[in-house]
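We count ligands from 1, going down the list as the structure has it; atoms in each ligand are counted the same way. Any value given below was found using the heavy atoms of this structure, including those in side chains, with hydrogens, waters and symmetry copies removed.
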Amino acid sequence: MRIEHLRQRLRALGAKACHEQVLLRSWLQRLPLDGSAHRSEQFFPLALRQALPDLALELEGLARLRSEHPGEDGSRLLIGLADGQTVESVLLPKGGLCVSTQVGCAVGCVFCMTGRDGLLRQLGSAEIIAQVVLARSRRPVSKVVFMGMGEPAHNMDNVLEAIELLGTEGAIGHKNLVFSTVGDRRVFERLPRGVVKPALALSLHTTNSELRRRLLPKAPPMEPAELVDLAEDYARHTGYPIQYQWTLLAGINDGEDELEGVVRLLTGKYAVLNLIPYNRIEGLEFRRPDWEQAAEMARRLHRRGILTKLRHSAGQDVEGGCGQLRARSGVLRST
Ligand SMILES: C[S@@+](CC[C@H](N)C(=O)[O-])C[C@H]1O[C@@H](n2cnc3c(N)ncnc32)[C@H](O)[C@@H]1O
Ligand code: SF4
């Protein structure tokens, strides 16, 4: 379901802009849907009041908790969608939530579980919002990162619709909405035009074009230098730094050549580099680098003037990156 279609249904039931706003805000903030928290119970037109119980059930059914897998650095949720598909969300520390934007992914990064079976379907903007509403039933959410299953750039209309609603009725600060992408020209065209401009995380992983094509086989064929130039324009436009994501694969993108490449590309840029040691995936040959070696790479980059952070991957101790819960639940194999 898309938010725009939900709005059209509300209008067909006699809702005016103020009714739409109150209803959507109530849904996002888990208040009674009839708007009684803000206004009198008679506030909505009669047809809308009568339709509310069914609508409430439908919204509840968009994202239901199938299972929860707590870990030290986050709690991973397996979410059932209305058609029986599943996606994952992760409750992160300090009010953060990682949401999925697609069932599967067409980019096929060779180290990512989500990309292994291609794209199964897009999530509607209402299904993206429903992950936030579900998470808010468990604890407050003040930051949403679009780093779960899927490539947001391949589902732009739904992701941007969700971002706009979260940044308005959802009461989330715009720089606390983080659009994570492998990079795509459409991202750089559309994000600056939005009413709500999210922060940008760019999954770079390497400064070597040829290696990037092998690691991210179906990402748009853009040179790392071009991606960095476009991202830098967006950082200057919004006033928030770009978060470069670098999944560290031992012996592949953690060498001297990459260190020099990062210094060449990111010196003077308004950016943070997040080094994230690879989360092991069964059946893949990649190795997670030793923590101390990764920390040394971060320190050396720091000394060369690159703001670098070494991050624990969310969900590491609940068995790895996004897509693994879903795969284990068997749904992926049976569809
Ligand atoms: C799952 S992707 C979703 C957002 C978007 N498709 C992207 O690639 O930025 C979010 C981040 O997870 C990282 N990731 C995927 N598989 C991983 C793994 N096995 N270990 C560590 N990070 C991984 C990706 O590199 C990416 O930076
Ligand atoms: S890392 Fe992101 S783009 Fe690559 S396959 Fe996974 S979800 Fe898709």
Pairing donors with acceptors under 3.5 angstrom, does anything connect the side chains of [X] and [Y]?
X    : Y    : result
Q131 : S89  : yes
T101 : E151 : no
S203 : Q245 : no

Distance in Å, [X] [atom1] paired with [Y] [atom2], rounded so as to fall on 0.5 Å steps:
X    : Y    : atom1 : atom2 : answer
L273 : T308 : CG    : OG1   : 5.0 Å
R212 : N253 : CZ    : CG    : 11.5 Å
L33  : L59  : CG    : CG    : 6.0 Å

Relative to the heavy atoms of [X], which atoms of ligand 2 are at a distance of less than 4.0 Å?
X    : answer
V182 : 3 (S)
V107 : 3 (S)
G108 : 5 (S)
E151 : 3 (S)
G115 : 5 (S)
G150 : 7 (S)

Query raised in the report: Does the ring centre of H205 sit less than 6.0 Å away from the ring centre of F111?
Result: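 Yes: the rings meet the under 6.0 Å criterion.
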Out of all atoms in ligand 1, which are within 4.0 Å of some heavy atom of [X]? Include the element for each.
X    : result
F111 : 15 (C), 16 (N), 17 (C), 18 (C), 19 (N), 25 (O)
V182 : 8 (O)
T181 : 9 (O)
C112 : 15 (C), 16 (N)
G148 : 1 (C), 3 (C)
F146 : 4 (C)

Report summary line: When every non-hydrogen atom of L211 is compared with those of T206, the smallest separation belongs to CD2-OG1, 3.5 Å
Requested in this report: Tell me, yes or no, whether the heavy-atom count around R136 atom CZ, taken from other residues, nucleotides or ligands under 6.0 Å, exceeds 12.
Outcome: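 Enclosed: over 12 neighbouring heavy atoms sit under 6.0 Å from CZ of R136.
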Query raised in the report: Should we say atom CD of E285 is surrounded by more than 12 heavy atoms from elsewhere, each under 6.0 Å from it?
Result: no
Requested in this report: Decide whether an N or O pair under 3.5 Å exists between G150 and ligand 1.
Outcome: yes
Should the proximity of [X] to ligand 1, defined as any heavy atom under 4.0 Å, be assigned to the side chain, the backbone, both, or neither?
X    : value
H205 : side chain
S203 : side chain
E151 : both

Which residue and atom name correspond to the protein heavy atom nearest [atom], and how close is it?
atom                    : value
atom 5 (S) of ligand 2  : C109 N, 3.4 Å
atom 8 (Fe) of ligand 2 : C105 SG, 2.3 Å
atom 6 (Fe) of ligand 2 : C112 SG, 2.4 Å

Report summary line: Nearest non-hydrogen contact to atom 2 (S) of ligand 1 from the set Q243, M147, R311 belongs to M147
Query - Proximity winner for atom 23 (C) of ligand 1, if only heavy atoms of V107, T247, V110 are counted - result: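 Nearest option to atom 23 (C) of ligand 1, by heavy atoms: T247.
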Report task. Take every heavy atom of I281, measure it against each atom of ligand 1, and state whether any distance is under 4.0 Å. Result -> yes
Query - Evaluation steps, side-chain contact (heavy atoms from CB on, under 4.5 Å), between E127 and R2 - result: CA-CA 8 Å; E127 291 175 307; R2 286 192 61 165; over 6 Å; no
Report task. Walk me through it: do K309 and V272 pass the test side-chain contact (heavy atoms from CB on, under 4.5 Å)? Result -> CA-CA 7 Å; K309 299 198 171 161; V272 179; 4.1 Å; yes
Report task. Test S100 against E88 for side chain to side chain donor-acceptor pair (under 3.5 Å), laying out the working first. Result -> CA-CA 6 Å; S100 292; E88 296 176 24; over 6 Å; no
